[in-house]
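Structure record follows, encoded as structure tokens.
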Number of protein chains: 2
Amino acid sequence: METELRERIINASLVLFERHGFHGVTVNQIVETAGISKGGFYHHFSSKDELLFVIHDIFITYVLERAASSNQQSLPPATRLRSIIKDFVSVFDIYKAHLTVFYQESIYLKPEHEEIVKRKRQQFKGIIQSVIREGVDTGEFRKDLSIEITTMAILGMVNWTYKWYQRSGEKSIEEIADYYIDLILHAVLSDSTK
Amino acid sequence: METELRERIINASLVLFERHGFHGVTVNQIVETAGISKGGFYHHFSSKDELLFVIHDIFITYVLERAASSNQQSLPPATRLRSIIKDFVSVFDIYKAHLTVFYQESIYLKPEHEEIVKRKRQQFKGIIQSVIREGVDTGEFRKDLSIEITTMAILGMVNWTYKWYQRSGEKSIEEIADYYIDLILHAVLSDSTK
DNA sequence: CATTTATGACCGACTGGTTGGTCGGTATTG
DNA sequence: CAATACCGACCAACCAGTCGGTCATAAATG
């Protein structure tokens, strides 16, 4: 099976955007790296901005679906939190470039695109928030947790990984995920649950 | 006392870069916002790139100095870690725009500038790493901590704040800092120390 | 003290190179 | 014989940076 041209464009631009940023890469460079022509590019994408959106959307849609399915099973909050984090961190291996672009270049999204991405992003955040809230309610987590800050702290810890993680590095993404889970649960579980 | 033109340029560009990114802002816009001329701009800065570097350098130099002085006092690791985090997070109030530019736009630094910033950045990271290492050695922190991942987890949690913190928000930066410290110490302290 | 010379802050019209995007055309496929 | 996929020379807009010049103040000169 031959790689679709559309895929080739996305893959090429992903590599380039990750390294040089959206505005640090020209359409000509993308086209050259993908081994196609300018006309070919504009046959598949209406603009450079649309390409940026597509990259964002592929990523956030995928992540959101996984988190939602991890969250559906009726298991205790701590178990679900573990599963959501594990799932999300594992995404770094395959989607590292998407992720980097997602977190670095989203300011350059056009308003209409930004709106769509923002909505999905908040749904994802909502999932984590609700797990923590539930954990606090059931007494599994510490009663004195702030739902809002705890959510952002976890998201921050996890998201920041894109700044330093390398597939060739010492630790595998699985190890890092397990390590994060350990840290988070130590921070969040109530004394009686530990 | 009148504001120096140089200061005016930095303040104007900080606001603009924070919202639109380095490449989303033209020199003409900066000049207009600062209420000066293009000539005036290039009289004070050799290039737009140099301006970006200056913003980076002001921030990292300040942060590094504070962390170094918090770290010097010969206090137990947990106390020092507390102090470093409190100090760093407090910086968000005054330097939020610097910080945002620092984390978003550093890919656009020219190699020679990047080198300088990178070095200071690693010194900062080194300070946190050494506190954690010491804490593990003295037994104050859990023996099974990975120095490297723990450092990055803390940095991630804290740094991510720039994505959501607003001075007008519900929680003050002091509260957020204290909250982070609480989470981190729960995650990191050995059972005997708790 | 008056006058010339020098310096440095600041101005803004202009430019050369670059970039996202277009468009008329060709190749391929069902 | 459509229709769709793809090509690449070309263009208009934009943007960082330049450059010849003004003005105000200070130092040097007679």
Side-chain angles (χ1 to χ4, degrees), chain A residues 1-57 101 104-114 117, chain B residues 1-57 101 104-114 117:
Chain A
M1 180 189 148
E2 199 188 321
T3 321
E4 298 280 327
L5 191 142
R6 206 182 142 91
E7 292 280 319
R8 282 230 303 281
I9 295 173
I10 292 175
N11 289 333
S13 61
L14 231 23
V15 174
L16 292 169
F17 288 166
E18 185 182 9
R19 178 136 43 192
H20 304 110
F22 182 67
H23 281 293
V25 175
T26 69
V27 175
N28 278 324
Q29 282 175 284
I30 295 169
V31 151
E32 210 175 308
T33 308
I36 51 145
S37 71
K38 206 122 180 225
F41 178 94
Y42 281 96
H43 181 71
H44 288 279
F45 296 95
S46 68
S47 65
K48 196 187 171 193
D49 296 300
E50 199 207 324
L51 168 62
L52 184 65
F53 167 66
V54 169
I55 291 172
H56 274 72
D57 198 54
V101 174
Q104 292 275 5
E105 314 299 334
S106 58
I107 18 166
Y108 298 120
L109 286 172
K110 293 278 164 236
E112 64 268 29
H113 295 144
E114 197 190 354
V117 171
Chain B
M1 181 191 146
E2 202 188 321
T3 321
E4 297 281 328
L5 194 143
R6 206 183 141 91
E7 292 280 319
R8 283 231 301 283
I9 295 173
I10 292 176
N11 289 332
S13 61
L14 231 23
V15 174
L16 293 168
F17 289 166
E18 185 182 9
R19 177 137 43 194
H20 305 109
F22 182 68
H23 282 292
V25 175
T26 70
V27 174
N28 278 324
Q29 283 176 280
I30 295 170
V31 150
E32 210 173 309
T33 308
I36 51 145
S37 71
K38 205 122 182 224
F41 179 92
Y42 282 96
H43 181 72
H44 288 280
F45 296 95
S46 69
S47 64
K48 196 186 171 193
D49 296 302
E50 200 208 322
L51 169 61
L52 184 64
F53 167 66
V54 168
I55 291 173
H56 274 73
D57 198 53
V101 175
Q104 292 276 4
E105 314 300 334
S106 59
I107 18 165
Y108 299 120
L109 286 173
K110 293 277 165 240
E112 64 270 28
H113 295 146
E114 196 190 355
V117 172

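Here the structure is a predicted model, which means the values were calculated and not measured. When reading the values below, keep in mind they use all heavy atoms of this one structure, side chains included, and skip hydrogens, waters and symmetry mates. A note on names: the letters A, B, ... follow the listed sequences, proteins ahead of strands, and every chain is numbered from 1.
Looking at heavy atoms from C-beta onward, A:Asn28 lies out of side-chain contact with A:Phe41 at the 4.5 angstrom threshold. The shortest side-chain heavy-atom distance between B:Thr26 and B:Gln29 falls under the 4.5 Å cut-off. Using a 4.5 Å heavy-atom threshold, the side chains of B:Ile10 and B:Val54 count as touching. At a threshold of 4.5 Å between non-hydrogen side-chain atoms, the residues A:Ile107 and B:Glu105 count as touching. Contact check for B:His113 versus B:His56: no side-chain heavy atoms found under the 4.5 Å cut-off. With contacts defined as side-chain heavy-atom distances shorter than 4.5 Å, the pair B:Leu51/B:Ile30 qualifies. Counting heavy atoms from C-beta outward, A:Val101 and A:Phe22 have side chains that stay 4.5 Å or more apart.
Remark: A:Ile55 CD1 to A:Asn11 CG distance equals 9.0 Å, nearest 0.5 Å.
Pairs engaging residues 19-47 of chain A under the salt bridge (charged side-chain N to carboxylate O under 4.0 Å, His left out) rule: none recorded [sequence neighbours left out].
Look at B:His43 and you won't find any side-chain N or O under 4.0 angstrom from OP1 or OP2 of C:dC10.
Comparing the start and finish of the helix from C:dC1-D:dG30 to C:dG30-D:dC1, five pairs each, the helix axis swings through 10°, to the nearest 10 degrees.
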Polar atom pairs (N or O), protein with nucleotides 20-26 of chain D, under 3.5 Å:
none

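Atom-to-atom, CD of A:Glu32 to P of D:dG8 comes out at 12 Å; the value is rounded to the nearest Å. One can place CZ of B:Phe45 at 15 Å from P of D:dT18, the figure rounded to the nearest angstrom. In this entry the distance linking NE2 of B:His44 with P of D:dG17 reads 17 Å, nearest Å. Atom CZ of A:Arg8 is separated from atom C1' of D:dC7 by 14 Å (rounded to the nearest Å).
Qualifying side chain to side chain contact (heavy atoms under 4.5 Å, CB included) partners for B:Asp57, counting only residues two or more places apart in sequence or in other chains: B:Phe53, B:Ile60, B:Thr61, B:Ile116, B:Lys120. For B:Glu18, the salt bridge (Lys or Arg N to Asp or Glu O under 4.0 Å) partners two or more places apart in sequence, or in a different chain, are B:Lys96.
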Using a 4.0 Å cut-off on protein heavy atoms (strictly under), produce a 5'-to-3' string for nucleotides 11-25 of chain C with B for base contact, S for backbone-only sugar-phosphate contact, and - for none. BB------SBBB---

